Every structure is written in C-alpha cells, then in structure tokens.
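One structure is given below, encoded as structure tokens.
In listed order, ligands and their atoms are each counted from 1. Bear in mind the structure is a predicted one, so any value in this text is a computation, not a measurement.
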Amino acid sequence: MAGEKKILDSEEALSTSLAEYTASLSDKFAKQKGSFTVVLSGGSLIKSLRKLVEAPYVESIDWSKWHVFWVDERVVPKNHHHSNYLLAYDGFLSKVPIPCGNVYAINDALSAEAAADDYETCVKHLIHNNIISVSETSGLPKFDLMLLGMGPDGHVASLFPGHPLLKEKKKWVAFIKESPKPPPERITFTFPVINSSANIALVVAGASKAHPVHVTLGNGNGEDEVLPVQMVSPDEGKLTWFLDKDAASKL
Ligand SMILES: O=C1O[C@H](COP(=O)(O)O)[C@@H](O)[C@H](O)[C@H]1O
C-alpha cells in the first residue's frame with residue numbers, strides 16, 4: 001500500500017495541493033492520449049476539489065478532454081439530496097465546461113442490480129471506443145485518475161468494513177442493498193477496478209479520520225480485520241495520500 005504521503009497544514013492547503021496534482025495529470029493524459037478519465041467519489045472529496053475550479057487551474061485545464069465517472073453512487077434520483085451526482089454537479093461539474101456527453105452518471109431509473117450491470121456495460125463500451133484504457137496484464141479498466149474519499153470507519157467507495165463485497169473479484173461494478181451508511185442501496189466499483197487505476201488519490205481531512213489513517217499508514221490496529229482503505233493498493237499505478245494535519249495527527 002504505502003504510496004506517497006502529502007501532509008498539508010490545513011484543508012485549504014490540501015485543496016490547493018489536490019488542484020495542482022489533478023491539473024498536472026490532466027495535462028499529461030490529455031497530451032498523451034487525447035482524453036483524461038477521472039473517477040469521483042461523493043462526500044467531502046467534492047468540497048476538496050474547490051480550488052480546481054478557481055484560477056489559475058480552471059483556465060489552464062482542457063476540460064473538453066475530461067471523461068467523468070463515479071466510484072460509487074447511491075440508488076436515488078439524480079435530484080435527490082443523497083445523490084453523489086447532484087453533489088458533484090453542484091460543487092464541481094456545474095462550474096467547468098466538461099461536455100455533457102462525457103459525464104457518465106448511473107441510470108437512476110433502474111434497480112440497484114440493473115444499474116450496476118448497466119454501468120459495467122457503459123465502461124466496457126468506452127474501453128471498446130478507446131476512451132478508457134485497459135490494463136494489458138489484467139484486462140481490467142485502467143482509469144487515469146481515481147479520486148477516493150474515506151469515511152471515519154475506513155470505508156472507501158461503497159465498500160464497507162467486514163462486507164463480503166470486499167472480496168468481489170469478478171464483477172467490475174457491484175450493488176449493495178444494506179449499506180451501513182444511508183442510503184442503503186448503492187452501486188460501487190470493486191477493488192480489482194479501483195486498484196487497476198493508473199493513479200489513485202486518497203483525499204482525507206479531519207480529526208474524525210485520524211484513526212483509520214493511523215491504522216493504514218501508522219502501526220496498524222493490532223486487529224485481524226483489514227479496513228477497506230487498507231486494501232487500496234494499485235497493481236501498477238501510483239497511490240498518493242492527501243492528508244490535512246488533523247487527519248495525520250496520529251501518525
Ligand atoms: O458514502 C460515501 O462516503 C464516502 C466518504 O465520505 P466522506 O464525506 O466521509 O468523505 C465517499 O467517499 C463515498 O463516495 C460516499 O458514497
């Protein structure tokens with residue numbers, strides 16, 4: 001797991017550092033392959049993206065090359081206050097000129113099972129059209145950048161501590177109907193897809209998250225149970241932690 005650790009003095013500084021990092025990857029991939037595939041989380045990650053939509057970053061980025069996905073989504077209408085799409089739209093997407101056709105929200109008219117299958121089919125289609133890269137070794141989708149948040153319990157995406165989905169190896173997109181955090185019905189990328197990414201940013205701020213950060217990057221929790229965040233470990237890609245000093249306070 002390890003990866004690079006950036007410990008910032010404040011959440012404000014974290015947001016600036018995340019903007020620099022994202023803008024630099026956007027430039028690299030847009031030049032290299034003509035597209036930049038970015039996977040968003042919900043939750044506090046969206047607030048931490050706020051500096052990216054401000055000068056100087058917002059003008060320097062070629063937004064037309066961006067293709068946006070969600071690592072997890074709640075099975076609710078897109079205009080529901082629990083929707084990760086709505087959160088991202090209000091806090092990020094509505095402020096930048098990413099073409100609508102490049103924003104891949106889940107189909108909110110479907111059941112959780114059908115929405116997961118539909119999202120997986122969408123990813124396969126975009127691999128076929130050379131928008132999403134594929135790992136030559138595993139055949140899994142290789143997103144250019146996965147922006148992950150983490151909950152105070154150490155969950156990432158909708159992959160919760162002790163849940164059987166942590167062991168899912170075949171499905172790229174899975175559904176959950178009994179999420180311990182509301183709302184209960186969600187879809188989520190699984191660990192094989194998350195860990196196949198070219199770059200993963202784990203973006204964590206606040207004292208409520210210091211314990212799972214310590215468990216993962218410090219001395220461990222001395223318990224047998226492995227937290228979901230400890231399973232974030234890119235196969236071939238690069239992991240970068242963005243921590244504010246409160247989140248890093250137990251390291
Ligand atoms: O439910 C979710 O929680 C996690 C963590 O949220 P945060 O507000 O504690 O950062 C989030 O990454 C995930 O996308 C979301 O669905």
Under 4.0 Å from ligand 1, counting heavy atoms only: the protein residues, by chain and number: Ser41, Gly42, Gly43, Ser44, Asp72, Arg74, Asn84, Gly149, Met150, Gly151, His155, Ala157, Lys181, Arg186, Lys209
Validation row: Leu45, Phe92 side chains within 4.5 angstrom (heavy atoms):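 They are not in side-chain contact.
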Geometric class of the Tyr89/Tyr85 ring pair [parallel <30°, tilted 30-60°, perpendicular >60°]: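 Plane angle under 30°, so parallel.
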Geometric class of the Phe189/Tyr119 ring pair [parallel <30°, tilted 30-60°, perpendicular >60°]: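 Rings of Tyr119 and Phe189: tilted, 30 to 60°.
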Option from Ile194, Val229, Val203, Leu40 for which side chain to side chain contact (heavy atoms under 4.5 Å, CB included) with Leu148 holds: Ile194
Minimum-distance pair of heavy atoms, taken over all atoms of Leu87 and Gly43: CD2-N, 3.3 Å
Which residues share a salt bridge (Lys or Arg N to Asp or Glu O under 4.0 Å) with Lys245, sequence neighbours left out: none
